[in-house]
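Letters go in sequence order (proteins before strands), and every chain restarts at 1.
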2 protein chains.
Amino acid sequence: MDVKFKCNCPFTSALDVVGDKWLLVIVKQMLIEGKETFKDFTESDEAIATNILSAKLKFLEEVGIIIKTQRPDNKKTNHYLLTQKGLGLTPVLIELAIWSDKHLRDIHPSIVNGEAMEFLRNDKVAFAHALEQNYRKNMAKTLNKSSVG
Amino acid sequence: MDVKFKCNCPFTSALDVVGDKWLLVIVKQMLIEGKETFKDFTESDEAIATNILSAKLKFLEEVGIIIKTQRPDNKKTNHYLLTQKGLGLTPVLIELAIWSDKHLRDIHPSIVNGEAMEFLRNDKVAFAHALEQNYRKNMAKTLNKSSVG
DNA sequence: ATTTTTGCTGGCGAAATGCAAGTAATAATT
DNA sequence: AATTATTACTTGCATTTCGCCAGCAAAAAT
């Protein structure tokens, strides 16, 4: 289940890891939608099958993009969190969204186009920063909540 | 063979198109390595199988990322060129390379690390610009060459 | 006229994906 | 304390995609 690198090209090597139908979707769900638990992922719009989800989470953990944690008050529910390596994928996701915005509306007109998209168009660096800050903040909040209550 | 969009999320929608093992590798080969013909691709480091290559080129053409052209002096060799939509993926590729550089060297130490990588680290916007300019220049050159000689 | 190159296509086994059902452990409810 | 519900998976099986290899026709080079 470990990565096979085709060559020493930095572009291709990244794709050897995350160039997959599901991996970046999972990272996006964590970063943008704050999903953490197995159940969170199964309830998503993208509807990933549980066996695939299980395998992909295992893989993401193996390569160090996420870590599996538990809360002291719950021995069952696993919480998957992005590592630095995982958060480092934020700019990749952002460029993908920008590309969608510019080049995909012709064949897929119903792509969302709200104020978040406008923020992203106006200042992608700030948007990336805000996303990462927000992720860290929420992570701290939920971690704290569980250890208190 | 056409795209199935899972939802209206701009992140996921981009991945519905290019979130694949091969598509971005092919785009990278065109942009960075100047590959244009079927044979060029088959001779790459990444060694894509011909049937897959054929299918992927067809798909990339369908979604408008590349176009298939011919030179007046050669009725056999097809030249695949990036469209604006295709060139628009440059920032995505660049962010992937940056991520590799930062986060993949621990599990894949032989990733190339020359002066191009340094240029990329120092100024990714300039790097992207240079890449696109270079692509257009070479495209013009080869197009010109064929119509002359 | 013959050989080589180019751009594919087709067959077939292997791997990845997707759907549905099942399970075991924990947590919540009564 | 007993029952029910939830969570995080696993298993089985059908379908799709991948990947190697061989072949092949049209065009180009010799």
Side-chain angles (χ1 to χ4, degrees), chain A residues 1-7 12 15-26 29-30 35-62 66-81 142 145-146 149, chain B residues 1-7 12 15-26 29-30 35-62 66-81 142 145-146 149:
Chain A
M1 181 71 147
D2 53 271
V3 202
K4 294 277 167 235
F5 290 103
K6 286 194 267 289
C7 56
T12 306
L15 292 166
D16 281 333
V17 179
V18 297
D20 168 275
K21 211 171 175 178
W22 286 114
L23 296 178
L24 284 179
V25 172
I26 292 173
Q29 291 182 351
M30 296 176 79
K35 294 189 190 299
E36 278 187 12
T37 65
F38 197 91
K39 197 179 172 246
D40 286 344
F41 294 114
T42 62
E43 285 167 345
S44 71
D45 275 5
E46 287 96 352
I48 181 167
T50 58
N51 56 341
I52 314 278
L53 176 59
S54 172
K56 297 301 174 184
L57 287 173
K58 209 163 284 174
F59 176 81
L60 286 170
E61 202 187 352
E62 264 178 43
I66 65 174
I67 44 163
K68 194 200 262 189
T69 63
Q70 288 208 333
R71 302 295 154 78
D73 59 333
N74 190 319
K75 288 178 180 172
K76 175 177 207 183
T77 304
N78 295 319
H79 291 255
Y80 299 91
L81 302 176
T142 48
K145 197 192 289 175
S146 72
Chain B
M1 180 69 149
D2 52 271
V3 202
K4 293 277 168 237
F5 289 104
K6 287 194 267 287
C7 57
T12 307
L15 292 167
D16 282 333
V17 179
V18 297
D20 167 279
K21 212 172 175 178
W22 286 114
L23 297 178
L24 284 180
V25 172
I26 292 172
Q29 291 183 351
M30 297 176 78
K35 294 192 191 296
E36 279 188 12
T37 66
F38 198 91
K39 198 179 172 247
D40 286 344
F41 294 114
T42 62
E43 285 167 346
S44 71
D45 275 4
E46 287 95 353
I48 182 165
T50 58
N51 56 341
I52 314 278
L53 176 59
S54 172
K56 297 301 174 185
L57 287 173
K58 211 164 282 174
F59 175 81
L60 285 171
E61 202 188 351
E62 263 178 44
I66 64 173
I67 44 163
K68 193 199 262 192
T69 63
Q70 288 207 333
R71 301 297 154 77
D73 60 333
N74 190 320
K75 288 181 179 168
K76 176 176 206 183
T77 305
N78 295 319
H79 291 255
Y80 298 93
L81 301 176
T142 48
K145 196 193 289 173
S146 70

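- Using modelled atom types, one finds a donor on one side chain and an acceptor on the other under 3.5 Å when comparing Asp40(B) with Thr37(B).
- Each of Tyr80(A) and Trp22(B) lies near DNA chain D, and the nucleotide nearest Tyr80(A) is the one positioned closer to the 5' end.
- Between Lys35(B) and Phe41(B), the shortest heavy-atom distance links the atoms CB-CE2, 3.8 Å.
- Checking dA26(D), dT26(C), dC19(C) against the side-chain heavy atoms of Lys76(B) singles out dA26(D) as nearest.
- Heavy-atom distances to DNA chain C give each of Lys75(A) and Asp20(A) a nearest nucleotide, and the one nearer the 5′ end belongs to Asp20(A).
- Among the nucleotides dC18(D), dG18(C), dG7(C), the one closest to the side chain of Ile52(A) is dG18(C).
- Distances shown here put every side-chain N or O of Thr77(A) at or beyond 4.0 Å from the OP1 or OP2 atom of dT6(D).
- The phosphate of dT6(C) has OP1 or OP2 within less than 4.0 Å of a side-chain N or O from Lys39(B).
- A straight line from CG of Leu53(B) to P of dT17(D) spans 17 Å, rounded to a whole angstrom.
- For Lys58(A) and dT10(D), the shortest distance from a side-chain N or O to OP1 or OP2 is below 4.0 Å.
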Starting from the C-alpha separation in whole Å, work towards a yes-or-no answer on side chain to side chain contact (heavy atoms under 4.5 Å, CB included) for Ile48(B) and Ile26(B).
-> CA-CA 9 Å; Ile48(B) 182 165; Ile26(B) 292 172; 4.1 Å; yes

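- Between the side chain of Gln70(B) and the backbone N or O of Lys75(B) there is at least one donor-acceptor pair closer than 3.5 Å.
- Taking only side-chain nitrogens and oxygens, Lys56(B) comes nearer than 4.0 Å to OP1 or OP2 of dC18(D).
- In this structure, of dA8(D), dT7(D), dG18(C), it is dA8(D) that holds the atom nearest to the side chain of Asn78(A).
- Scanning atom types as modelled, one donor and one acceptor separated by under 3.5 angstrom connect the side chain of Thr50(A) and the base of dT10(D).
- The side chain of Lys21(B) lies closest to dG19(D) when the candidates are dG19(D), dC9(D), dA28(D).
- With the nearest nucleotide of DNA chain C identified for both Phe38(B) and Asn74(A), Phe38(B) has the one nearer the 5' end.
- Not one side-chain nitrogen or oxygen of Thr37(A) sits closer than 4.0 Å to the OP1 or OP2 atom of dT7(D).
- For dC13(D), neither phosphate oxygen OP1 nor OP2 lies less than 4.0 angstrom from any side-chain nitrogen or oxygen of Asn51(A).
- Put simply, the side chain of Asp16(A) never gets that close to the backbone of Val3(A): no donor and acceptor are under 3.5 Å apart.
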